[in-house]
Amino acid sequence: MKIGILGFQGGIKEHERMLKQLGVETRRIRYIQDLDKIDAMILPGGESTTMGIFLHNSGLLKPLKEAVEKGMPVLATCAGLILLAQEVEGLSFASLKVLPVRVRRNAYGRQKESFTTQINLSFDKARPFPGVFIRAPKIEKTLEDKVEVLSFLEEQPVMIRYGKIIGCTFHPELTSDTRVHKYFLQVISAKN
């Protein structure tokens with residue numbers, strides 16, 4: 001299995017470290033040809049406007065959107081989730097618009113308001129997960145019934161699944177807990 005990680009900016013090394021720990025090969029995706037022969041993608045956190053501009057200028061926006069629409073599994077964290085959302089408050093950059101949710105950027109405040117808190121994962125209730133929220137977006141609304149909420153923070157969805165797309169408003173790659181990435185590997189391997 002080989003997983004591509006959008007390689008412009010953000011938590012690239014952290015996702016690589018976690019997947020290496022799980023025995024998975026990765027490839028940084030910066031050009032269209034990098035999409036060849038990968039099984040899934042990670043859209044990391046970072047600065048969503050900058051990443052959207054890179055996606056547009058690199059020519060990756062359309063082929064990546066088509067790949068996701070054809071069923072390529074994606075794990076999107078923080079800014080990555082914003083890049084996938086169908087509706088983004090104040091959107092001023094290119095995005096994929098493949099995930100039926102409405103999000104608001106930086107909804108928890110600025111960098112200094114970032115925080116870590118324990119959240120529960122519906123697919124592993126054995127113990128809480130350390131949710132790291134850095135200038136995190138909020139999922140204000142799910143736009144289709146098929147969007148499954150996998151975790152809440154104070155009744156607000158913070159992790160969702162839509163088919164083979166997983167979106168987190170937090171940063172699982174900044175912890176030592178591999179459960180979110182393991183869950184993503186299960187989604188990739190599932191038949192449907």
Side-chain angles (χ1 to χ4, degrees), residues 1-22 24-99 101 103-108 110-111 114 131-139 158-160 162 164-175 178 180-181 184-185 187-188:
M1 178 185 301
K2 185 179 291 183
I3 297 180
I5 302 174
L6 192 63
F8 298 131
Q9 59 130 254
I12 302 163
K13 288 181 184 175
E14 291 80 3
H15 282 292
E16 288 173 336
R17 174 188 49 80
M18 191 155 277
L19 290 172
K20 184 177 180 181
Q21 187 179 342
L22 296 173
V24 177
E25 188 179 349
T26 61
R27 177 192 296 161
R28 292 187 185 195
I29 307 297
R30 297 176 61 97
Y31 305 99
I32 293 172
Q33 59 269 27
D34 297 335
L35 291 172
D36 189 40
K37 296 182 181 174
I38 59 169
D39 300 293
M41 276 289 296
I42 289 181
L43 303 184
E47 209 294 305
S48 58
T49 301
T50 302
M51 292 169 71
I53 291 169
F54 275 123
L55 269 177
H56 179 266
N57 291 346
S58 68
L60 271 170
L61 188 66
K62 185 177 177 186
L64 185 55
K65 178 181 173 70
E66 290 173 353
V68 176
E69 288 174 337
K70 288 178 182 173
M72 176 189 281
V74 179
L75 170 62
T77 59
C78 198
L81 170 68
I82 295 169
L83 292 173
L84 291 183
Q86 284 183 355
E87 296 181 11
V88 181
E89 184 179 295
L91 180 69
S92 60
F93 53 88
S95 69
L96 299 172
K97 300 185 187 312
V98 293
L99 182 60
V101 294
V103 299
R104 183 162 47 102
R105 296 187 295 161
N106 304 327
Y108 293 95
R110 304 169 66 126
Q111 189 82 17
S114 299
V132 179
F133 294 83
I134 302 172
R135 294 179 57 206
K138 269 190 184 172
I139 299 170
V158 293
M159 182 176 182
I160 56 170
Y162 177 66
K164 293 204 169 198
I165 300 174
I166 298 171
C168 303
T169 63
F170 56 94
H171 291 268
E173 76 281 8
L174 296 181
T175 74
T178 58
V180 168
H181 287 74
F184 182 48
L185 298 181
V187 169
I188 296 169

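We use all heavy atoms of the structure for the numbers below, so side chains are in, but hydrogens, waters and symmetry mates are not. Throughout, numbering of the chain's residues begins at 1 and tracks the sequence.
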Looking at [Y], is its backbone amide N or carbonyl O close enough to the side chain of [X] to form a donor-acceptor pair, meaning the two atoms are under 3.5 Å apart?
X	Y	answer
Arg27	Lys2	no
Glu16	Thr26	no
Thr169	Lys138	no

message = If we check side chain to side chain contact (heavy atoms under 4.5 Å, CB included) with Ile3, which of these qualifies: Leu185, Asp39, Leu75?
response = Leu185
Nearest atoms (heavy-atom pairs only) where [X] meets [Y]:
X	Y	answer
Ile38	Leu35	CG1-O, 3.2 Å
Gly4	Ile29	CA-CG1, 3.7 Å
Glu14	Gly10	OE1-O, 4.4 Å
Ile82	Val88	O-CG2, 3.6 Å

key: Pairwise side-chain contact, Leu64 with Leu43, heavy-atom cut-off 4.5 Å (strictly under)   = yes
request  = Starting at OG of Ser95, measure out to CG of Leu61 and round the result to the nearest 0.5 Å.
outcome  = 7.5 Å
ask   = Atom CD1 in Ile12, atom CZ in Arg28: separation rounded to 0.5 Å?
value = 5.0 Å
task = Please check if atom NZ in Lys97 has more than 12 non-hydrogen atoms from other residues, nucleotides or ligands closer than 6.0 Å.
result = yes
query = Do the ring planes of His15 and His181 sit parallel (below 30°), tilted (30 to 60°) or perpendicular (above 60°)?
reply = tilted
key: Residue pairs passing the side-chain hydrogen bond (donor to acceptor under 3.5 Å, both in side chains) test where at least one lies in residues 52-76, sequence neighbours excluded   = Lys65-Glu69
